[in-house]
Protein chains: 2
Amino acid sequence: MADIARLAGVSVSTVSRALAGSSLVNEATRLRVAELARSLNYTINVGAQNLRLKQNRTIAVVVPYDPATRQHLSDPFFLSLIGSLADALTDRGYEMLVSRVDVNRLDLAAQSYEAGRAAGIVLVGQWHHHEQLNELAVRGVPLVVWGAQLPGQAYATVGSDNVAGGQQMTRHLIERGARRIAFMGDTALEEIGQRHRGYLQALAEARLQADPALTRQVPFETAAIEHAVETLLADGTDFDALFCASDLMAMTAIGALQRLGRRVPQQLRVGGYDDIALAAHYHPSLTTVRQPIEAAGEQLVAALLEQLDGARPASRQLLTELVLRDSSR
Amino acid sequence: MADIARLAGVSVSTVSRALAGSSLVNEATRLRVAELARSLNYTINVGAQNLRLKQNRTIAVVVPYDPATRQHLSDPFFLSLIGSLADALTDRGYEMLVSRVDVNRLDLAAQSYEAGRAAGIVLVGQWHHHEQLNELAVRGVPLVVWGAQLPGQAYATVGSDNVAGGQQMTRHLIERGARRIAFMGDTALEEIGQRHRGYLQALAEARLQADPALTRQVPFETAAIEHAVETLLADGTDFDALFCASDLMAMTAIGALQRLGRRVPQQLRVGGYDDIALAAHYHPSLTTVRQPIEAAGEQLVAALLEQLDGARPASRQLLTELVLRDSSR
DNA sequence: TTGAAAGCGCTAACAT
DNA sequence: ATGTTAGCGCTTTCAA
């Protein structure tokens, strides 16, 4: 900026004003400065600008990861969510800082905020850490979490309506003639718990008995899913449909079922959750509950920016949509 | 920092030194300052620190996107690559700034570098923009690109050995008895072009005639892939195997083939490229060429950091591995 | 071992 | 319409 000032024969303040498009500066000088800036390939030093303005147009997107399972960023749904956040933030002129943080040290998620690196935090995935997140929010960290809405929650969440989603899928399977629907997923995770609640509600509506043996606690791990399928078949549990807590889980389960000689959907209807890109191209194509991922990114960003504008954290739920495909035909 | 100084009864310089672990500071003061910092939940303002030190521990990861097709960040391979970069950068104490940029304005990719936001750039995907990238490199922008190595290239690339990969898959299909192997992909993209070259080499090795009608120029778009499959079947082209330039393409193609009544692999063997997570769980599970994605992130980061240390840009190729699964059985 | 002071690149009163 | 000056939070000479 000093260089430009010298070359343009004005002071740095004028350059600053010219570049900022201030009306206080003569049109001719403005053009001269702009031209010079362009030819010198000048771009403003955002760090210095932020320092001075105490402003910040960077949002930290934090991905919790479990060091025990070494389960890194890999679920296509979360990966796509990051893509969608990148789009939403870019559109609004924000930059996106991505980091991963140990789920057991979620308080570290706030670091980039407290260090002045980021204006706010988007946490991709709630896990079991409701309490820790509440603490962050109480500390005043601008925070939005992708996940389920919980009672007594001081932070904002954006998530799909998991109860409704669980209900939609279960109703659909019942409509298709299923009477004994197995549910697979880790219900200790709030989002999954809510989907399970929807499942139970739909069963009750249809006056179907909910058999606890049909609910299988299964984490998001290939081996565990395959093992759960084997057990389900081996222990002689009677079931005619399977509702999996995510598409990835459903695809893995279908793979295992087919390897064990079961045909989907002829012998067994299967439903997933998420509607990841591949769900449509899987074979059989996967009936699933769509979580609107583009909207997810936008709403997460919108909810956060509202907080930055001083609004109280407000959660939002996105509508889910049942997507009918072959796996439940 | 001023607060800590006041509370500790020392100057800010001493606090700065204490926090930086300078040996110039009394052990007792150091501990007192550290304790105070912890209790105040203090974290250093990285922006100010960077400004002062003219250092920078942020790397910009830039994702080119095509505004025409509105094809955003969606291929699982690239998404996973971002995950892997996040891991590699975090491990080395760097932060990751993610942005997308119009493929037609790749020069903008350098902005975060020139604005002092980032110490260097990782570009995820080379597209057709060899020339533009060279310009950036010549301008002195520390830059690493995921893609193919090209003659006369001033920037560093990290990529898998696409020729070898194409060869591995083609040899394998030939070994399995295929004689007329169709190739599907956009060979104008350098990486795909090299895979195609490997394909041709393997055919030549086996003294098989390469029929141009078997090479189909198909972009990475669902509709185009499905259309290509339909055409391939409809125009009576004789082929007994299909090699797709990516797993996503292979899965989409298999879906289309099955919908049109062809059985994979019984009537037609299919191979993919990438080995995305889902390839193992697809049905039939997908024979593919693995691009080692964890290594990819690490090597991209390593190649970039070398440049930051003053080394000349050096490209690297990663070994591919043929992964045998059911789709080619 | 510590403190005072200058300056990283920028913006915004305040003065002209 | 422009320039002067102070200061954002930090590090580092230089002096004590």
Side-chain angles (χ1 to χ4, degrees), chain A residues 1-38 40-58 93 95 97 110-119, chain B residues 1-38 40-58 93 95 97 110-119:
Chain A
M1 203 175 246
D3 292 349
I4 299 183
R6 205 174 328 104
L7 290 169
V10 294
S11 72
V12 283
S13 345
T14 302
V15 175
S16 170
R17 282 192 277 252
L19 260 24
S22 158
S23 58
L24 288 166
V25 59
N26 187 305
E27 185 60 12
T29 13
R30 205 185 59 69
L31 284 172
R32 193 151 34 93
V33 167
E35 181 49 46
L36 228 32
R38 204 177 0 264
L40 292 179
N41 235 310
Y42 171 85
T43 43
I44 212 154
N45 181 319
V46 187
Q49 190 182 43
N50 284 344
L51 183 58
R52 172 64 225 224
L53 294 180
K54 291 158 163 284
Q55 102 187 330
N56 197 325
R57 291 191 71 85
T58 302
E95 310 206 280
L97 205 57
Q111 261 199 356
S112 39
Y113 169 72
E114 302 191 312
R117 282 296 274 141
Chain B
M1 202 176 245
D3 292 350
I4 299 182
R6 204 175 326 104
L7 290 169
V10 294
S11 72
V12 282
S13 337
T14 302
V15 175
S16 171
R17 282 192 275 253
L19 260 25
S22 157
S23 58
L24 287 168
V25 59
N26 187 306
E27 186 60 13
T29 8
R30 204 185 60 68
L31 285 172
R32 192 151 35 92
V33 167
E35 181 49 47
L36 227 33
R38 203 175 3 264
L40 291 179
N41 236 312
Y42 171 84
T43 42
I44 211 153
N45 182 319
V46 187
Q49 191 182 43
N50 284 344
L51 183 58
R52 171 65 227 224
L53 295 179
K54 293 158 165 286
Q55 99 184 334
N56 199 323
R57 291 189 73 83
T58 302
E95 309 206 280
L97 203 58
Q111 262 200 355
S112 40
Y113 168 72
E114 305 195 306
R117 279 301 269 141

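Each chain gets a letter, A, B and so on, in the order the sequences are listed, and its residues count up from 1.
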Q: Has Y42(A) got a side-chain N or O lying under 4.0 Å from the OP1 or OP2 atom of dC10(C)?
A: yes
Q: Could you tell me the separation between the CD1 atom of I4(A) and the CZ atom of R38(A), rounded to the nearest 0.5 Å?
A: 11.0 Å
Q: Hey, which sits more toward the 5' end of DNA chain C by its nearest nucleotide, T14(B) or K54(B)?
A: T14(B)
Q: Between the base of dG3(D) and the side chain of R17(A), is there a donor-acceptor distance below 3.5 Å?
A: yes
Q: Please state how far atom CD in E114(A) lies from atom P in dC10(D), giving the value in whole angstrom units.
A: 14 Å
Q: Can you check the L53(A) CG to dG9(C) C1' distance for me, whole Å?
A: 11 Å
Q: Figure out the CZ/C1' separation between R32(A) and dT2(D), and round it to whole Å.
A: 12 Å
Q: From C-beta outward on M1(B), which listed nucleotide comes closest to its side chain: dT1(C), dC10(D), dG3(D)?
A: dC10(D)
Q: Starting from C1' on dC8(C), measure out to CG on N45(A) and report it in whole angstrom.
A: 9 Å
Q: What are the two closest non-hydrogen atoms of A119(B) and N56(B), and how far apart are they?
A: CB-O, 3.4 Å
Q: Which whole-number value in Å describes the distance from R57(A) CZ to dT11(C) C1'?
A: 17 Å
Q: Which of the following nucleotides, dG9(C), dT1(C), dT11(D), is nearest to the side chain of L24(B)?
A: dT1(C)
Q: Quick check for you: to the nearest 0.5 Å, what is the distance between L36(B) atom CG and R6(B) atom CZ?
A: 10.5 Å
Q: When you measure from the side chain of Q49(B), which nucleotide among dT11(C), dC10(D), dG9(C) comes out closest?
A: dC10(D)
Q: What's the CD1-C1' distance between I44(A) and dG9(C), to the nearest Å?
A: 9 Å
Q: From the list dT2(D), dT4(D), dC10(D), which nucleotide is the closest neighbour of the side chain of T29(A)?
A: dT2(D)
Q: Could you tell me the separation between the CZ atom of R30(A) and the C1' atom of dA1(D), rounded to a whole number of Å?
A: 14 Å
Q: Just call it for L51(A): base, sugar-phosphate, or nothing, with non-hydrogen atoms closer than 4.0 Å on any strand.
A: base
Q: So, do Q49(A) and Q55(A) sit near enough that their side-chain heavy atoms are less than 4.5 Å apart?
A: yes
Q: Considering only dG3(D), dG9(D), dT2(D), which nucleotide approaches the side chain of R52(B) most closely?
A: dG9(D)
Q: Rounding to an integer number of Å, can you tell me how far N50(B) CG sits from dC10(C) P?
A: 14 Å
Q: Strictly by side chain to side chain donor-acceptor pair (under 3.5 Å), give each pair with a member in residues 16-26 of chain B just once, sequence neighbours left out.
A: none
